[in-house]
Visitor: 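Provided herewith is a single structure, encoded as structure tokens, for subsequent inquiry.
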Amino acid sequence: MIVMKNVYKKYPNGVVAANGINIEIDRGEFVYVVGPSGAGKSTFIKMMYREEAPTSGDIIINGINLATLRNKRIPYLRRQIGVVFQDFKLLPKLNVYENVAFALEVIEESPDEIRKKVNDVLALVGLTQKARMFPNELSGGEEQRVSIARSIVNVPKVVIADEPTGNLDPETSWEIMRIFEQINARGTTIVMATHNREIVNTIKHRVIAIEGGLITRDEYGGEYYEG
Ligand SMILES: Nc1ncnc2c1ncn2[C@@H]1O[C@H](COP(=O)(O)OP(=O)(O)O)[C@@H](O)[C@H]1O
Ligand SMILES: [Mg+2]
């Protein structure tokens, strides 16, 4: 499902953020990516949806080889992967409904299909009542729920999230985790970079630790610890 083989990433400034990463993640897994700041977690995640291209090595997602993927096929890849960010990245001039619908409209769905799919995912994240509100009228937790709804509206096989609870208080973070757990329970693979020790140690899943651009630990039902 997700395979990285000898993935190496050197940024133009000379920083090596991936230094020979090898990993396989199966369909339906839930994987935490942990490690200190600057370890290469975001780079690892960005390479999965081709925000960054590896300098060398192979990355295969759902059978698509990112190493040979042509730029014009990137939108096709991104429709198969939901992405959730720490800072939500909602479009400020669109309301909740429109922010989610926007992800679908680009692939020319019919209006009825759009309405049904958007309403379904808004219900899943508990935002039916707030569909007409704008991002600046929402709490951080609500904004993150919108961004999760947007990430799953195309029913991707994989959702990747870069510190999705990083800007949220503990209680809201648990709510967000419950939504990720539900999405994972429906069979969606989740790869989530996080600094949240309590979450990693409580909701047990596979833990991949990255340090200096290398995977230093890979444990099922692992704990958050550094070093
Ligand atoms: N666009 C970039 N250009 C140059 N260096 C970068 C870029 N993005 C990240 N880096 C560097 O790569 C290393 C890994 O960064 P990152 O993947 O963001 O780590 P993490 O998410 O674990 O904090 C860091 O040294 C960082 O400064
Ligand atoms: Mg990061």
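Every number for a ligand or one of its atoms is a count from 1 in the order of the listing.
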Visitor: If you take the nearest heavy atom of each of Gly35, Ser42, Ser37, Pro12, which one is closest to atom 18 (O) of ligand 1?
Guide: Ser42
Visitor: Measure the spacing between CD of Glu143 and CG of Asp87 and express it to the nearest 0.5 Å.
Guide: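 Rounded to the nearest 0.5 Å, the CD-CG separation comes to 9.5 Å.
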Visitor: Is it true that the NZ or CZ of Lys41 lies under 6.0 Å from the centre of Phe44's six-membered ring and within 45 degrees of the ring axis?
Guide: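 Output no; distance or angle outside limits.
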Visitor: Is the count of non-hydrogen atoms from other residues, nucleotides or ligands lying under 6.0 Å from Glu51 atom CD greater than 12?
Guide: yes
Visitor: Is the contact between Ala193 and ligand 1 made by the side chain, the backbone, both, or neither, using heavy atoms and a 4.0 Å cut-off?
Guide: neither
Visitor: Going by the atom numbers of ligand 1, which of them fall below 4.0 Å from some non-hydrogen atom of Ala39?
Guide: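 By the 4.0 Å cutoff, the relevant atoms are 19 (O), 20 (P), 22 (O).
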Visitor: Using 2.8 Å as a strict upper limit, say whether an N, O or S atom of Ser42 approaches the Mg ion (ligand 2) that closely.
Guide: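 Within the cut-off used here (under 2.8 Å), Ser42 does place an N, O or S atom near the Mg ion (ligand 2).
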Visitor: Please write down residue, atom name and distance for the protein heavy atom closest to atom 1 (N) of ligand 1.
Guide: Tyr11 CE2, 3.6 Å
Visitor: Flag the pair Asp120 and Lys117 as a salt bridge only when some basic side-chain nitrogen lies within less than 4.0 angstrom of an acidic carboxylate oxygen.
Guide: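 Answer for the salt bridge query: no.
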Visitor: For atom 16 (P) of ligand 1, which of Thr43, Val16, Asn13 has the closest heavy atom?
Guide: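 Nearest heavy atom to atom 16 (P) of ligand 1 lies in Thr43.
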Visitor: Test the Arg206-Phe30 pair against the cation-pi criterion, namely NZ or CZ under 6.0 angstrom from the six-membered ring centroid and within 45° of the ring axis.
Guide: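 No, Arg206 does not lie over the aromatic ring of Phe30.
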Visitor: What residue and atom, counting heavy atoms only, is the protein's closest point to atom 19 (O) of ligand 1, and at what distance?
Guide: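 Here the nearest protein heavy atom works out to Gly40 N, 3.1 Å.
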Visitor: Identify the closest protein heavy atom to atom 23 (O) of ligand 1: which residue and atom is it, and at what distance?
Guide: Gly38 N, 2.7 Å
Visitor: Counting only heavy atoms on the protein side, is anything nearer than 4.0 Å to atom 7 (C) of ligand 1?
Guide: yes
Visitor: Using a strict threshold of under 4.0 Å (side-chain N to carboxylate O), is an ion pair present between Glu223 and Lys204?
Guide: yes
Visitor: Taking distance alone, with no angle check, do Val15 and ligand 1 share an N/O pair under 3.5 Å?
Guide: no
Visitor: Roughly how far apart are Arg217 CZ and Tyr225 OH, rounded to 0.5 Å?
Guide: 3.5 Å
Visitor: Pairs of nitrogen or oxygen atoms closer than 3.5 Å, one from Ala17 and one from ligand 1: do any exist?
Guide: no
Visitor: Report, in ascending order of atom number, the atoms of ligand 1 lying under 4.0 Å from any heavy atom of Pro36.
Guide: 22 (O)
Visitor: Has Arg27 got more than 12 heavy atoms of other residues, nucleotides or ligands less than 6.0 Å from its CZ?
Guide: no
